[in-house]
Amino acid sequence: MINFLNLEYFLAAAEELNFTRAAKRLYISQQSLSSHISNLEKEFGVALFNRTAPLTLTYAGQVLKRRARQLLLLREETYHEISDIKDFTKGQLTIGMSHTRGRKILPQILPVYQERFPGIDLHLKEGNSSELDADLLHGDVDLVIGLLPFKVENVETVPICEEEILLVVPDAVLERTYPGQLARLKGQLAKNADLTLVKDCPFLLINSGNRVRTLADDMFAEAQMDPRIILETENIETALALTLKGMGITFYPRMFMSGQDIWKEQKEGFLNTGFYRLNSPKARSILGIGYHKGHYMSQATKEFIRIAKERV
């Protein structure tokens with residue numbers, strides 16, 4: 001009968017391909033690790049490692065490495081499922097979300113969720129869209145909240161609400177790029193915000209890997225534009241703040257606009273800026289929750305999705 005502890009230790013050694021590093025990672029002695037692996041090799045009657053320098057896996061070791069991951073994941077999911085059936089008083093939920101979107105969405109969901117389910121330990125993992133997609137694929141998060149579609153396979157999605165990406169254009173940038181045409185361009189942008197109207201303007205964009213940037217790049221391609229990008233940043237609020245100071249043009253989700261200090265700043269006359277609805281269908285998207293359809297969905301995850309659909 002397979003010993004799960006032997007499997008865990010073997011997998012660590014198979015990933016490290018170094019017994020010293022693997023033992024250190026497991027907080028056990030190298031002698032203890034070797035003993036566990038020897039027991040596993042005796043059980044299967046084959047060598048799992050080529051004891052060479054550097055250490056390598058035999059073909060049997062390669063097969064067991066793949067199977068060990070599957071077996072250990074299945075064991076973990078089984079324990080989670082049984083625990084949920086027993087009672088819903090304890091559990092854990094890890095949520096993946098972008099830094100900025102969490103500020104807007106989570107206050108609407110988490111206080112209600114925690115009040116209803118105080119025994120669930122909540123963890124938040126923040127990152128850009130590409131990082132969170134990878135986390136979801138590898139099981140490092142239970143769910144991700146972001147703009148659909150998710151760029152990863154085997155993900156089921158639950159739509160929450162509509163989202164729209166706006167074009168943020170300071171009057172100063174228009175006047176500087178197209179002298180004497182400010183009134184005409186503002187009228188055209190308000191009526192039909194086509195990116196070609198501002199094709200010569202400088203752009204401030206969020207880094208590649210973020211969903212808003214992906215949508216922006218798609219719209220540039222659709223408009224057959226090669227934009228003049230003067231700055232890229234990981235923080236969409238930085239891009240907006242610099243845009244409001246007249247440095248360039250950016251894209252900004254409509255959802256983030258409520259409660260912004262930028263409205264106070266504009267009222268005080270610091271800068272006149274237009275927030276325009278783009279004419280591209282790519283500017284309109286759906287905010288949703290994604291979860292790995294091949295993994296067991298805990299009761300904690302189901303309840304979070306239900307509350308998110310109620311509150312957002």
Side-chain angles (χ1 to χ4, degrees), residues 96-105 126-134 144-152 157 159 161-174 176-178 185-186 188-258 260 262 271 273-288 290:
M97 185 174 255
S98 71
H99 309 82
T100 312
R101 197 170 294 281
R103 172 183 59 78
K104 177 63 181 175
I105 296 291
E126 296 175 305
N128 65 37
S129 302
S130 296
E131 293 167 342
L132 295 175
D133 285 350
V144 169
I145 302 177
L147 294 178
L148 304 183
F150 291 97
K151 304 293 185 180
V152 64
T157 57
C161 63
E162 294 181 350
E163 177 62 293
E164 183 175 10
I165 307 302
L166 303 176
L167 186 67
V168 188
V169 186
D171 292 357
V173 172
L174 290 178
R176 189 166 62 244
T177 309
Y178 306 104
L185 286 170
K186 287 186 68 173
Q188 288 181 297
L189 286 168
K191 184 177 179 181
N192 182 27
D194 190 313
L195 280 176
T196 58
L197 292 170
V198 293
K199 61 183 178 64
D200 297 322
C201 293
F203 282 84
L204 306 164
L205 299 180
I206 194 167
N207 288 337
S208 296
N210 291 280
R211 191 76 74 233
V212 171
R213 174 59 183 272
T214 300
L215 293 171
D217 288 341
D218 288 346
M219 287 187 278
F220 286 136
E222 183 182 61
Q224 298 182 331
M225 277 179 59
D226 184 15
R228 180 161 64 95
I229 303 170
I230 62 170
L231 184 71
E232 295 175 287
T233 173
E234 187 61 28
N235 192 325
I236 199 168
E237 299 299 343
T238 299
L240 178 64
L242 293 172
T243 295
L244 293 174
K245 293 299 182 183
M247 190 170 169
I249 290 175
T250 196
F251 297 87
Y252 196 71
R254 177 182 286 276
M255 179 179 289
F256 294 176
M257 289 170 58
S258 62
Q260 284 286 355
I262 58 175
L271 188 68
T273 303
F275 288 73
Y276 300 103
R277 301 188 67 185
L278 288 148
N279 63 2
S280 170
K282 296 183 184 298
R284 281 159 284 286
S285 185
I286 300 293
L287 184 72

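Please read all numbers here as calculations on a predicted model, not as lab measurements.
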Residues Phe150, Leu132; criterion side-chain contact (heavy atoms from CB on, under 4.5 Å); working and verdict: CA-CA 9 Å; Phe150 291 97; Leu132 295 175; over 6 Å; no

Stepwise side-chain contact (heavy atoms from CB on, under 4.5 Å) check, Leu195 with Glu222: CA-CA 9 Å; Leu195 280 176; Glu222 183 182 61; over 6 Å; no

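To the nearest 0.5 angstrom, Leu278 atom CG is 5.0 Å from Leu167 atom CG. Rounding to the nearest 0.5 angstrom, the gap separating the CZ atom in Arg103 from the OG atom in Ser98 is 9.5 Å. One distance of note links CG of Asp200 with CZ of Arg176; it measures 13.0 Å at 0.5 Å rounding. The OG1 atom of Thr233 sits 10.5 Å away from the CG atom of Leu205 when rounded to the nearest 0.5 Å. Between the OG1 atom of Thr243 and the CD1 atom of Ile236 there is a distance of 9.5 Å, given to the nearest 0.5 Å. Interatomic distance, Arg213 CZ to Asp218 CG, rounded to the nearest 0.5 Å: 11.0 Å.
In summary, the side chains of Asn207 and Glu232 do not present any donor paired with an acceptor at a separation below 3.5 Å, with no hydrogens or angles considered. Asp194 and Thr196 form a side-chain donor-acceptor contact under 3.5 Å, judged by distance and modelled atom types alone.
Contact check for Leu189 versus Val198: side-chain heavy atoms found under the 4.5 Å cut-off. Annotation: side chain of Leu287 is not in contact with side chain of Glu162 (no heavy-atom distance under 4.5 Å). Annotation: side chain of Met257 is not in contact with side chain of Leu240 (no heavy-atom distance under 4.5 Å). Counting only heavy atoms from C-beta outward, the side chains of Val169 and Leu185 never approach each other to under 4.5 Å. Between Ile206 and Glu234, every side-chain heavy-atom pair lies at or beyond the 4.5 Å cut-off.
Between Phe251 and Phe220, the angle of the ring planes goes over 60°, which puts this pair in the perpendicular group of the 30/60° scheme.
Of all heavy-atom pairs spanning Val168 and Tyr252, the tightest one is CG2-CB, 3.7 Å. Cys201 and Leu174 make their closest contact through SG-CD2, 4.3 Å (heavy atoms, listed as atom of the first residue, atom of the second, distance). Scanning both residues, Glu237 and Thr100, for their nearest heavy atoms gives OE2-CG2, 3.0 Å. Closest non-hydrogen pair, Thr177 versus Pro202, comes out as OG1-CD, 4.1 Å. The shortest non-hydrogen separation linking Asn128 to Ser208 is ND2-O, 4.5 Å. The two residues Tyr276 and Ala193 make their nearest non-hydrogen contact at CB-CB, 3.9 Å.
At a threshold of 4.0 Å, the pair Glu163-Arg101 counts as salt-bridged, since one of the basic side-chain nitrogens sits closer than that to a carboxylate oxygen.
The local environment of CD in Glu126 is crowded, with over 12 non-hydrogen atoms from other residues, nucleotides or ligands closer than 6.0 Å.
Under the 3.5 Å distance criterion, the side-chain polar atoms of Ser285 are matched with a main-chain donor or acceptor of Leu148.
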